Number of protein chains: 2
Amino acid sequence: MIQKKAKTLKDLAKISGFTESTISRVLNGLGTKYRISESTQTIIKKIAEDTSFSFNENARGLRLSKTSTIGLIVPDISNSFFAKMASLIEREARFHNYSIFLCDTDNSTKLEKMMVRLLQKRKVDGCIVAPIGLISKHLEELYNTTPTVLVDRFFEDINIPYVTSDDYNGTITAVTRLIELGHTTIACIQGIPGTSLNTNRVNAFKSTMNTHGLTVNEDLIIGNAFSEEDGYASAKQLINQNKVDMPTAIFSLSNAITLGILRAFSEENINIPEQISVISFDEESYSGLLKTPMTTISQPKEDIGRQAFSLLLKQIEAKDKKIAQKSILLPTKLIIRDSIGSILK
Amino acid sequence: MIQKKAKTLKDLAKISGFTESTISRVLNGLGTKYRISESTQTIIKKIAEDTSFSFNENARGLRLSKTSTIGLIVPDISNSFFAKMASLIEREARFHNYSIFLCDTDNSTKLEKMMVRLLQKRKVDGCIVAPIGLISKHLEELYNTTPTVLVDRFFEDINIPYVTSDDYNGTITAVTRLIELGHTTIACIQGIPGTSLNTNRVNAFKSTMNTHGLTVNEDLIIGNAFSEEDGYASAKQLINQNKVDMPTAIFSLSNAITLGILRAFSEENINIPEQISVISFDEESYSGLLKTPMTTISQPKEDIGRQAFSLLLKQIEAKDKKIAQKSILLPTKLIIRDSIGSILK
DNA sequence: ATCACTCGAACAAACGTTTGTTCAAAAGTA
DNA sequence: TACTTTTGAACAAACGTTTGTTCGAGTGAT
């Protein structure tokens, strides 16, 4: 016999003869609690099965004012750093019965604002945001109405909980290494100036230089975006403006930037580490397989994702009672390979 | 003066004195159509603005039976291939006012089934699926109720429209190149046997060999998954089982597999292309920067994403009228670098 | 002054759930 | 037998929208 599909509780009610409320209770496991007889329960379950019924999560969300969705906002999902993080967040979310809305802001603050607004309209139960990092007002407003956790970048002056890697100490370790190898003229190719992420890394860079009695040449701190293109442009600029005395080492602030640098150096036939040493943030699957295996500062992307979700879940479970959460700083790891060399005689 | 936030139309109704229907019409731009006076409209818009009102998209979706969401199912979002595709799809979706539910199946058919079911419960307007490729029943059922487009992999025997690259011809071009360079013993390191993607590429490989009068050694077609780990294992296996006469070239079926191969070769100090040539599917941002710049078959990931969304949109707009759609095959591009060498005397 | 319109907005039902309450029938008690 | 309690399920309201219909008050024509 061909069983019609049942789309709604009403359909099931018509077929079974029981009311929607009874059916709802049975299918939600509340049958016994509401004294619905075993026989009735079996019948209902059978019919639901046969008609391959499933709830409309939308209607449910409306009624329960809980959508079991969370929003994930990232600057660029095609960047492996965010992709990896997203992957973990998705897994955790799935495990806890949440679905995630993926929002790519394309590195634009304007889009970021729009996405925040959109997610609010969609009544997500919470948000995990890797912000561009320049403007925070919309995020503050988001946090006021919706559980929110920031990842990767954050804001000093507002108290949205965040999970990020310990950039400051990671940088110190890396730059110290370069200095130990004898480098005194080190260029720093940065991402977006003014973002917490960038500022932390640059400050740690300067501080480490100073600690070792080295002066920082501000002209060697260049770059405007965490992108391959910008890294490429910065490297070219470096080459052109320092024809005579190039820095002996480069400290790159991200995976994408490093790709750009490598492309530029490849074009100019500059060899690493013979002509210049490079140390870079972000360990990638290919880092060890590059022409010169790259020395990297590895961030615990998976942990960041996991912990961020965990924080978010706590906020969600606390309901509207705002809870104070301490942010989390996760340690980085320096992975030493061939891209840095000693220049000590 | 501090203006309270208005959460719902009811709130706005209370504040403004107009009814919810009137307000709804005004804010949806139907004011004039329903002869609502300019003055009323201005008042309503003003209040909505002041109270920073926004619709509950969930309730809206329920009422309109249109959620403006689409589901995106991929085997692994942390794989740059899917990440790149997702990025494009997200952008197109955003442009057309759709939000996307990201579902990572973690390369598991079981999870894929669950995700499909979940998306149906969430009443997505459509789905874009990069299937594992082994089982199709659940996808067929999905297609029966929901506009659906497959990407990357597809199924011969069912008629869900798909967008993928022209693997067959891409492979022919690549393998022909190897043969032209004198290679006669070529290993093929594959992904999941039995999937359309894999089958197409392997068949094209065999066919090309035959066309050139070469015999295919089935022992040189190895591998079980599109993963780094599996590629690594396959390469190791190849090395161990062919101590004496290794193939002179390898044809790798994916980016992840290739990374595994490179890691294995790096460990064993096998040089490319001196000791063995490698040609690989998938162009990556780092392909040209590897120890030996990789010769790749580049797939138009962005185009795939874009076209898939476009097909999906057409299905959605056709409402419940199922429309026949022809699938799309996009050309690949062979990017020649140093990883393949000639062995002609 | 009567009637027919037009104008402007309210009314009410519906989308698919969930849940507190009610209610009839069966079972237990006195 | 008459009354209370338990059992099993129905009833109805609510979540926040949208939309077809209704309705009263002005306006104009006759």
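Each chain gets a letter, A, B and so on, in the order the sequences are listed, and its residues count up from 1. Note that this is a predicted model, so its numbers are computed, not measured.
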Item to complete: Give a yes or no on whether B:Lys66 atom NZ has more than 12 heavy-atom contacts from other residues, nucleotides or ligands under 6.0 Å away.
Response: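 More than 12 heavy atoms, drawn from other residues, nucleotides or ligands, come within 6.0 Å of this atom.
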
Worksheet item: Under 6.0 Å from the NZ atom of A:Lys113, do we count more than 12 heavy atoms belonging to anything else shown?
Response: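 Open.
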
Within the structure shown, what part of the strands sits under 4.0 Å from [X] by heavy-atom distance: base, sugar-phosphate, or nothing?
X	value
B:Gly17	sugar-phosphate
A:Leu9	base
B:Ser54	sugar-phosphate
B:Leu62	base

For [N], does OP1 or OP2 lie under 4.0 Å from any side-chain N or O of [X]?
X	N	answer
A:Lys33	C:dT19	no
A:Thr22	D:dA10	yes
A:Ser37	D:dA9	yes
B:Thr19	C:dA10	yes
B:Lys66	C:dC15	no
B:Tyr34	D:dG20	yes

Can you tell me the distance, in whole Å, between the [atom1] atom of [X] and the [atom2] atom of [N]?
X	N	atom1	atom2	result
B:Ile23	C:dG8	CD1	P	17 Å
B:Arg122	C:dG16	CZ	P	17 Å
B:Ile44	C:dA9	CD1	C1'	9 Å
A:Phe55	C:dC15	CZ	P	17 Å
B:Leu27	D:dG16	CG	C1'	13 Å
A:Leu30	D:dA9	CG	P	15 Å
B:Asn28	D:dT19	CG	P	8 Å
B:Asn58	D:dG16	CG	P	11 Å

Where the side chain of [X] is concerned, which of [options] is the nearest nucleotide?
X	options	answer
A:Arg35	D:dT17, C:dT17, D:dG8	D:dG8
B:Thr40	C:dG8, D:dT17, D:dC15	C:dG8
B:Ser21	D:dT19, C:dG16, C:dT19	D:dT19
B:Ala59	C:dC11, D:dG16, D:dA9	D:dG16
A:Glu20	D:dT17, C:dT17, D:dG8	C:dT17

Worksheet item: Distance under 6.0 Å and angle within 45° of the ring axis: does A:Lys322 meet both against A:Tyr143?
Response: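 Positive - A:Lys322 is close enough to the ring of A:Tyr143 and near enough to its axis.
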
Worksheet item: Which one of B:Phe155, B:Tyr162, B:Phe154 satisfies the side chain to side chain contact (heavy atoms under 4.5 Å, CB included) criterion with B:Pro131?
Response: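 Testing each of B:Phe155, B:Tyr162, B:Phe154 against B:Pro131, the sole residue satisfying side chain to side chain contact (heavy atoms under 4.5 Å, CB included) is B:Phe155.
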
Kindly say whether, by distance alone, the side chain of [X] makes a donor-acceptor pair under 3.5 Å with the base of [N]?
X	N	result
B:Thr8	D:dC15	no
A:Arg25	C:dG20	yes
B:Arg60	C:dG16	no

Worksheet item: Is any side-chain heavy atom of B:Thr105 closer than 4.5 Å to a side-chain heavy atom of B:Val74?
Response: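 No, too far: nothing below the 4.5 Å cut-off.
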
Item to complete: Quick one: sort the B:Phe101 and A:Phe101 rings into parallel, tilted or perpendicular, breaks at 30° and 60°.
Response: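 Aromatic pair B:Phe101/A:Phe101 classed parallel.
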
